[in-house]
Amino acid sequence: MSELQNRAREAFAPLVARRAELFRESLRKELSEPLWEALAAGGFLGAVIPKEHGGTGEGLYALSIALEELAALGLGNMLPILTTMNAIGIARCGTDALKRELLPKIALGAGKFAYAATEEKAGHNVFRIETTAKPAGDHFVLNGQKSYTSGADVADYLLVLARTMSLEELKEKNLPKTFGLSMFIVDARAPGVGRKEVAVRGELGLKVFTTTYEDVKVPASRLLGERDQAMSVLFQTVNPERTLVAAMMVGLSRYCLDVACADARERSVFRGTPTGQYQAIQHPLADVRMRQEAVRLMVHEAARAFDANADIQQTAFYANAAKYLGAELGMKAVDTAIQTLGGRGFDESYGLIPLLEAMRLAKSAPVSSEMILNFVAEHTLGLPRSY
Ligand SMILES: Cc1cc2nc3c(=O)[nH]c(=O)nc-3n(C[C@H](O)[C@H](O)[C@H](O)COP(=O)(O)OP(=O)(O)OC[C@H]3O[C@@H](n4cnc5c(N)ncnc54)[C@H](O)[C@@H]3O)c2cc1C
C-alpha cells in the first residue's frame, strides 16, 4: 500500500465504525459533516491548493487516491469534487485577492462550493445558457435559473456560469460562440438567490436544487478568470472533475466487490458449496476486479498529467477516458454484486440499490458518455465533428 493510501485510510478510520449510520444519512441526501471533516483534517481538501495558500500542494493525484479510499467505504459524495474543482479554477485562473480569500478557507473545510452551469434549455450545449450577468459599476447583476445545482443548500458559494455577451452581440461582432460566457463566485445566501429542491435520484449525500438568480449583485472582484472567457476556466476544471468522478467509481466498485466476495464466500445453497465456488459467480467478479485496476491506472494517468500541466488534449483524453470507463465499471460492479447476492442484493442494509442509481448517474452526468465519445472521436482521432 502506498504512503498516500495509508494516510487516507488513517484519515477515514474514524468513519469506518460509523459507516452504516453515515450511509443512511447519505440516503437522506444529507451531507455528512464527519466525512467532510475527515477530508479536511487529512489535508485532502487542500491537496490541489498550493502551500502558500494553505493547501498541501500534493495535487490531483493525492486527492484521487483519497476519494477512492473514501468511496471504498461505500461513501460517495460529489461535494468534495465540486469544491476542489472550483479550488483548482481559483488557483489557476483567480486573482491574487480571490486566492488569498478563498483557498485557505477551502483547505480548512470552511468553504463549500456548488456548481451552477446546467440550464433547462441548454443541457450539454452550454453556449445556449440564458442566465445573464450585466455590468453595473463595480459589480455585475445576475438573472436566470439553473436546473440542477447539487448541494446548493449546504454550499457557502455557488460558481455560476452566465452570459456577459448576448448571442446576437457575438454574431454582430463576428466572435466565436465560445466567447461571451463568464464565471462568477456567488455567495450562496446573497439576496436574490433562491433554491427549490428537485425530486431526483442518484446523488448520494446531497440534495439537488433548481437555483434562481433575481437581480443578484455580485462584486466584480468575484469574477473568476477573464470576463467573456469562462471557457478557459471550464477547461481547467472539467478534467479534474471527470478524473475524480472516475476515482469515486473505482472506490465504489471496491465496496461492491467487498460486499459480493464476502457473501460469496459464506453463502451456500447446494450441498454446502459456497456460491463463490461457482464459476458463474466467480468470473464476473474477477472481470470487475481487472476492469477496476484498468480504470484506476487511467485515473492516475489523468491526475498525473493534470498535475504536470501536460498537453491539454492529452490530459483531457485521459480524464475523459477515465470518466467513461469509470461509469461503465460502476454499473458492472454494482450489477455483479447484486447478482452475486441474489434477492439479498435488494436488502436495504447493503445499500446496493442506491449505489446502482448513483453509479448509473455517472453515465449521464456531469458529462454524458455520448459527449465523451464525441470528444475522443473529434479531438483524439481527428474525425469530423458530428454535431
Ligand atoms: C442528480 C443530478 C445532479 C446534477 N448536478 C449538477 C450540478 O451540481 N451542477 C450542474 O451544473 N449540473 C448538474 N446536473 C446536470 C447534469 O450535468 C446534466 O444533466 C448533464 O450535463 C446532461 O445534460 P442534460 O441532462 O441537459 O442532457 P442533454 O444535453 O439534454 O442530453 C440528453 C441526451 O442526449 C445526448 N446528446 C445530446 N447531445 C448529443 C450529441 N451531440 N451527440 C450525442 N448525444 C447527445 C446526451 O448524451 C444525453 O444522453 C445534475 C444532474 C443530475 C441528474
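Counting starts at 1 for both ligands and their atoms, in listed order.
- Annotation for ligand 1: atoms under 4.0 Å from non-hydrogen atoms of A365 are 16 (C), 17 (O).
- A cation-pi contact, defined as under 6.0 Å to the ring centre and within 45° of the axis, is absent between R242 and F306.
- In this structure, R304 satisfies the cation-pi test against Y61, with its NZ or CZ atom closer than 6.0 Å to the six-membered ring centre and inside 45 degrees of the ring normal.
- The protein does not reach atom 25 (O) of ligand 1 closely, with no heavy atom under 4.0 angstrom from it.
- Atom 32 (C) of ligand 1 is not flagged as protein-proximal [any protein heavy atom, distance under 4.0 Å].
- For ligand 1 and A117, the ligand atoms under 4.0 Å from any heavy atom of the residue are 11 (O).
- Between the side chains of Y157 and K105, at least one donor N or O sits under 3.5 Å from an acceptor N or O.
- Judged purely by distance below 3.5 Å, without hydrogens or angles, the side chains of S150 and Y148 never pair a donor atom with an acceptor atom.
- Residue contact check for ligand 1: L361 places a non-hydrogen atom closer than 4.0 Å to it.
- If you look at Y387 next to ligand 1, the close heavy atoms, those under 4.0 Å, all belong to the side chain.
- Summarising the hydrophobic clusters (Ile, Leu, Val, Met, Phe, Trp, Tyr; side-chain heavy atoms under 4.5 Å, direct or chained), the residues clustered with M290 are none.
- What sits closest to atom 40 (C) of ligand 1 on the protein, heavy atoms only, is N374 ND2, 3.5 Å.
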**Item:** Audit row: E119, K121, salt bridge (Lys or Arg N to Asp or Glu O under 4.0 Å) steps and yes/no
**Value:** CA-CA 6 Å; E119 291 186 16; K121 288 191 192 153; over 6 Å; no
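- Here the shortest heavy-atom distance to atom 39 (C) of ligand 1, taken over E241, M371, E357, belongs to M371.
- Within 4.0 Å of atom 35 (C) of ligand 1, not a single protein heavy atom is present.
- Side-chain N/O atoms of S147 and E120 include no donor and acceptor closer than 3.5 Å.
- Residue-level proximity to ligand 1 for E203 is carried by the side chain, the only part with a heavy atom below 4.0 angstrom.
- For F317 and H379, the distance between ring centers is not under 6.0 angstrom.
- No part of N125 comes within 4.0 Å of ligand 1, judged by heavy-atom distances.
- Scanning all protein heavy atoms for the shortest distance to atom 12 (N) of ligand 1 gives T118 OG1, 2.7 Å.
- Between the side chain of R344 and the backbone N or O of L341, at least one donor-acceptor pair lies under 3.5 Å.
- With a 4.0 Å heavy-atom cut-off, ligand 1 is reached by the side chain of S368 but not by its N, CA, C or O.
- Distances from ligand 1 to the non-hydrogen atoms of S364 include at least one value under 4.0 Å.
- Ring planes of F44 and F12: tilted class, angle from 30 to 60°.
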Which atom pairs, donor and acceptor, lie under 3.5 Å between side-chain atoms of residues 189-199 and protein residues at least two apart or in another chain?
| residue | atom | partner | partner atom | Å |
| --- | --- | --- | --- | --- |
| R189 | NH2 | D153 | O | 2.9 |
| R189 | NH2 | A155 | O | 3.1 |
| R195 | NH1 | A188 | O | 3.2 |

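- Listed by number with element, the atoms of ligand 1 under 4.0 angstrom from any heavy atom of Y115 are 7 (C), 8 (O), 9 (N), 10 (C), 11 (O).
- Closest protein heavy atom to atom 48 (C) of ligand 1: E370 OE1, 4.3 Å.
- Of the protein's heavy atoms, G123 CA, 4.4 Å lies nearest to atom 30 (O) of ligand 1.
- For ligand 1, the polar-atom distance check finds an N/O of S150 within less than 3.5 Å of one of the ligand's N/O atoms.
- Scanning the protein for heavy atoms near atom 28 (P) of ligand 1, the closest one is H124 ND1, 3.7 Å.
- Within the 4.0 Å heavy-atom cutoff, P366 counts among the residues contacting ligand 1.
- For atom 14 (N) of ligand 1, the closest non-hydrogen atom of the protein is Y148 CB, 3.4 Å.
- When the shell of 6.0 Å around CZ of R201 is examined, it contains 12 or fewer heavy atoms from other residues, nucleotides or ligands.
- For Y255 and R19, the side-chain atoms include at least one donor-acceptor pair closer than 3.5 Å.
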